[in-house]
Amino acid sequence: MENSSYSQPSMLTLNFGQLMEIKYFYSTLVLLCFMMIVVSNSAVISAISMHRNLQEPMFIFIAFLCINGLYGSVIFFPFLFVNLLSKTQVVSYVGCLIQVFCNHTYIGCEMTILAVMALDRYVCICNPLRYSSIMSLATVFKLIGAAWLYVIVLIAILVLLTIRMPLCGSVIQKIYCDNISVVKLSCTDTTASNIFGLLITAAVVGLMPVLTLMSYAQILRVCMKASKAFRAKALQTCTPHLVTLTYFVADVLFEILLPRFPSTMLPYELRVLMSVQAFIIAPILHPLIYGWKLREIRLRVLQMFGAKPIADLHNNL
């Protein structure tokens with residue numbers, strides 16, 4: 001049967017389930033999380049953009065990581081907040097596809113930016129004398145552009161494959177739209193979309209951590225031959241990156257594997273909590289582990305909020 005014999009539903013229903021029993025509590029948490037993410041990430045971005053001495057490759061990559069966190073949060077939290085306070089939890093078919101594209105590009109760009117940051121640390125630690133010439137500002141912005149474009153192209157193809165599928169169902173079994181949830185509603189064979197989805201998983205969730213670990217393996221090799229002070233400085237800059245990568249990869253893998261198991265395998269609240277972690281924990285962690293852990297950013301953020309006198313700041317720098 002041809003796809004044209006089916007009609008797409010104009011609206012899709014989201015499964016908020018037991019969340020609606022105390023929706024005002026959850027909506028308050030969502031609003032507070034969103035405000036915290038916006039303020040903290042904006043502070044780090046502003047500190048880096050406003051101070052010339054922070055406009056170095058490592059700090060620029062951190063700024064774009066925070067920008068990506070804001071992008072994911074703006075797409076996710078307002079939508080969730082409105083649905084929690086609505087009588088019916090629905091989304092238009094077009095709106096769902098837009099959310100699919102935005103959610104997946106956010107997650108993918110997180111992985112690619114982390115991989116580029118690992119490359120930056122590799123060049124800095126393993127080729128310190130050539131670092132300035134290799135990691136020029138032009139190169140930095142080319143790497144960031146490539147990291148975004150790589151993901152955008154892959155996800156755009158995936159969404160186009162999904163758009164071609166006629167849908168027989170209209171209930172998304174999550175509190176937001178993702179590609180696998182929409183594909184499950186299809187009336188036709190989903191093999192092509194499933195195969196391409198696996199290829200994207202391998203190209204982003206598989207390849208990017210491998211490239212990152214390869215960079216850190218080389219860094220570790222150099223550190224083993226270096227002085228104790230050099231090792232300590234290298235670990236100080238690399239540890240936050242590894243923490244972020246480990247957490248994010250584990251969370252994304254959980255999201256990929258969870259739909260393959262029966263929905264009764266885990267309690268509903270735990271499934272919802274695990275499914276939204278990538279949109280909550282990562283954007284909160286970035287300004288904390290980079291903005292607070294790295295002294296240069298911390299001092300500038302404190303200066304912005306008037307918590308540290310400018311003279312004292314200059315004495316510490």
Side-chain angles (χ1 to χ4, degrees), residues 36-73 106 109-148 208 211-212 215-216 219 222-223 229-245 247-248 282-308 310 312-317:
M36 184 187 305
I37 289 169
V38 170
V39 171
S40 58
N41 282 275
S42 297
V44 172
I45 295 166
S46 300
I48 293 171
S49 62
M50 291 169 59
H51 296 92
R52 186 174 295 277
N53 67 321
L54 292 183
Q55 292 173 12
E56 299 176 0
M58 181 178 71
F59 299 120
I60 292 173
F61 288 129
I62 290 171
F64 276 95
L65 196 63
C66 290
I67 289 172
N68 190 58
L70 283 178
Y71 164 65
S73 300
Y106 156 69
C109 287
E110 187 85 4
M111 303 293 292
T112 54
I113 293 173
L114 287 172
V116 169
M117 289 176 70
L119 175 63
D120 171 68
R121 292 299 85 202
Y122 162 74
V123 176
C124 179
I125 295 172
C126 299
N127 295 280
L129 298 179
R130 299 177 57 204
Y131 179 69
S132 297
S133 60
I134 294 174
M135 281 294 174
S136 64
L137 286 181
T139 301
V140 168
F141 286 107
K142 285 178 183 177
L143 287 171
I144 292 170
W148 278 350
M208 294 302 118
L211 294 176
T212 302
S215 296
Y216 278 105
I219 292 172
V222 171
C223 287
F230 182 87
R231 287 199 299 269
K233 186 175 181 180
L235 286 174
Q236 184 182 13
T237 58
C238 296
T239 299
H241 188 186
L242 288 173
V243 170
T244 303
L245 178 69
Y247 162 77
F248 203 79
I284 291 176
L285 274 181
H286 294 158
L288 288 178
I289 65 176
Y290 294 116
W292 193 253
K293 180 71 175 175
L294 297 180
R295 179 169 165 271
E296 297 89 342
I297 297 178
R298 180 175 71 248
L299 292 176
R300 291 302 182 183
V301 170
L302 289 173
Q303 178 188 356
M304 286 174 54
F305 286 98
K308 196 173 186 65
I310 296 178
D312 189 27
L313 175 68
H314 286 304
N315 291 334
N316 282 294
L317 286 178

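The residues of the chain are indexed from 1 along the displayed sequence. Please read these numbers as outputs of a predicted model, since none were measured by experiment. Below, each value reflects all heavy atoms present in this structure, side chains not excepted, and no hydrogens, waters or symmetry copies.
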side-chain contact (heavy atoms from CB on, under 4.5 Å) filter on Ala115, not counting sequence neighbours, yields Met208, Thr212

Task: Leu288 vs Ser40 side-chain heavy atoms within contact, under 4.5 Å - done: no

Using a 3.5 Å distance criterion without hydrogens, assess whether the side chain of Ser215 forms a donor-acceptor pair with backbone atoms of Leu211. yes

Taking every heavy atom of Arg121 against every heavy atom of Tyr131, the minimum-distance pair comes out as NH2-OH, 3.6 Å

- Query: Would you say the side chain of Met117 lies within less than 4.5 Å of the side chain of Leu65, judging by non-hydrogen atoms?
  - Reply: yes

* Answer yes or no: is there a donor N or O on one side and an acceptor on the other, between the side chain of Thr139 and the main chain of Ile134, under 3.5 Å? => yes

Could you check if a side-chain atom of Asn127 sits within less than 4.5 angstrom of a side-chain atom of Tyr122, using non-hydrogen atoms only?
yes

Item to check | Check: Tyr106 main-chain N/O paired with Asn68 side-chain donor or acceptor under 3.5 Å | outcome: yes

Closest heavy-atom pair, Ser42 versus Leu70, reported as atoms and distance to 0.1 Å, is OG-CD1, 3.9 Å

One should read off an interatomic distance between Phe59 CZ and Ile45 CD1, to the nearest 0.5 angstrom, of 15.0 Å

field: Close side-chain approach of Leu137 to Ile60, heavy-atom, < 4.5 Å
entry: yes

Margin query: Any heavy-atom pair between the side chains of Arg130 and Val123 that's under 4.5 Å?
Written below: no

Donor-acceptor contact below 3.5 Å, side chain Ser136 vs main chain Ser133
no

dist Asn41:CG -> Met36:CE (nearest 0.5 Å) comes out at 11.5 Å

Interatomic distance, CG@Leu119 vs SG@Cys124, rounded to 0.5 Å, equals 11.5 Å

State, with a plain yes or no, whether a side-chain heavy atom of Met50 is found less than 4.5 Å away from one of Gln55. no

Value for CG (Asp120) from CD1 (Ile113), rounded to nearest 0.5 Å, stands at 13.0 Å

Subject >> Any side-chain heavy-atom pair of Phe61 and Leu114 under 4.5 Å >> reply: no

